[in-house]
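Below is one structure, written out as structure tokens; comments come after it.
Just so you know, these numbers use all the heavy atoms, side chains as well, and skip hydrogens, waters and symmetry mates. Residue numbers run from 1 in the order of the sequence given. Counting convention: from 1, in listed order, for ligands and their atoms alike.
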Amino acid sequence: MRLGVPALIALALAGCAANPPVRELAMPRSYAHGIGGATFLVGGGFDPGRSPDGNSLILYGPEGAFVVDSGRHDEHVTAIMQGLSGIGMTPVAIINTHWHLDHVSGNPALKAAFPGIKVYATSAIDDALTGFLATSAESSRKALAEGTVPASAVADVEGDLTTIARGAELRPDVVVDEGGDMTIAGRPLSLRVAQRAVTERDLWIYDAAEKRAIVGDLVTMPVPFLDTACPEGWLQALDAVAASGAEQVVPGHGPILTMTEFGAWKSAFADFIACARGTGALETCSAGWLSGAKAFLMDDQRAKSMADYYGELIRSGKLDGYCRA
Ligand SMILES: [Zn+2]
């Protein structure tokens, strides 16, 4: 899949403008933006020709800070570190919403910098390390050897190979395969587990005090990233988010959403899945996505080529294995 165009970070930052920082950060470049409720957003990027970083968040409580998702590229991890030092708190934990490399690759660097850190995540990464990630490493090595990786992507592909080689270091210290109320850094949170959604098991967070759902890749821009997904399980997880009592949704990629915006994204998602599961022309599915998600898109051409790709992935039945228990 060749992608060319916008930087989602612009969208992510736009989501911050309406939310004044709770605490000013002392740092030269303001990557981490306060979004209220002792929470900072480090917007993930998605530059043309490169692999994305997921959004990260820094939250703090009476006993320290913690990070939700650790990005992929060094510059994203650096932005998290700068955010942490701006707050002046030592992180005690990382929560990984899911094992995709744009959300977990920063774990080893953060653990090295802060040896006390404990990673909270589901155990789904274990199967991924011997399955999807092992297979994708093998095809990446082959593509590099054959010179078929576009020049702009070589560094990303090599970086991902290094990360996968250290896969054991990405695994959770605290396995959260069942949802439940928890206190992290002295801050109460509800961790929710979605089965067979973006991955075999995803975590999302409901912060009841802020009426905020932090949902990882259950919401992504410019299209749903369906690579390892069960589309129907994902829809069920979106229903659970809608019913959570949240007034705000922080996606894995893209800007913070109001519930009205989340509802629009969710119904565009449902329509896209139904269309791709049907028998009509796949172009109508992509066109439906572009129109349903119009409010969230900066570059229709990029969104269209990605929607075409994921529509075909659903239609081909290649995702059906992810729906089986
Ligand atoms: Zn992601």
Separation between CG of L191 and CG of D207, rounded to the nearest 0.5 Å:
10.5 Å
Out of curiosity, M298 CE to M221 CE, how far, rounded to the nearest 0.5 Å?
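It is 12.0 Å, given to the nearest 0.5 Å.
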Does the pair R50/D102 count as a salt bridge with the N-to-O cut at 4.0 Å?
no
May I ask you to check whether D308 and S305 show a side-chain donor-acceptor distance below 3.5 Å?
no
More than 12 heavy atoms of other residues, nucleotides or ligands under 6.0 Å from CD of E178: is that the case?
no
Using ring-ring contact (aromatic ring centres under 6.0 Å, His included), reason through H253 and H103 one step at a time and then give a plain yes or no.
CA-CA 10 Å; H253 300 262; H103 298 260; 5.2 Å; yes
Just to be sure I understand the site: which N, O or S atoms from the protein are less than 2.8 Å away from the Zn ion (ligand 1)?
D102 OD2, H103 NE2, D217 OD2, H253 NE2
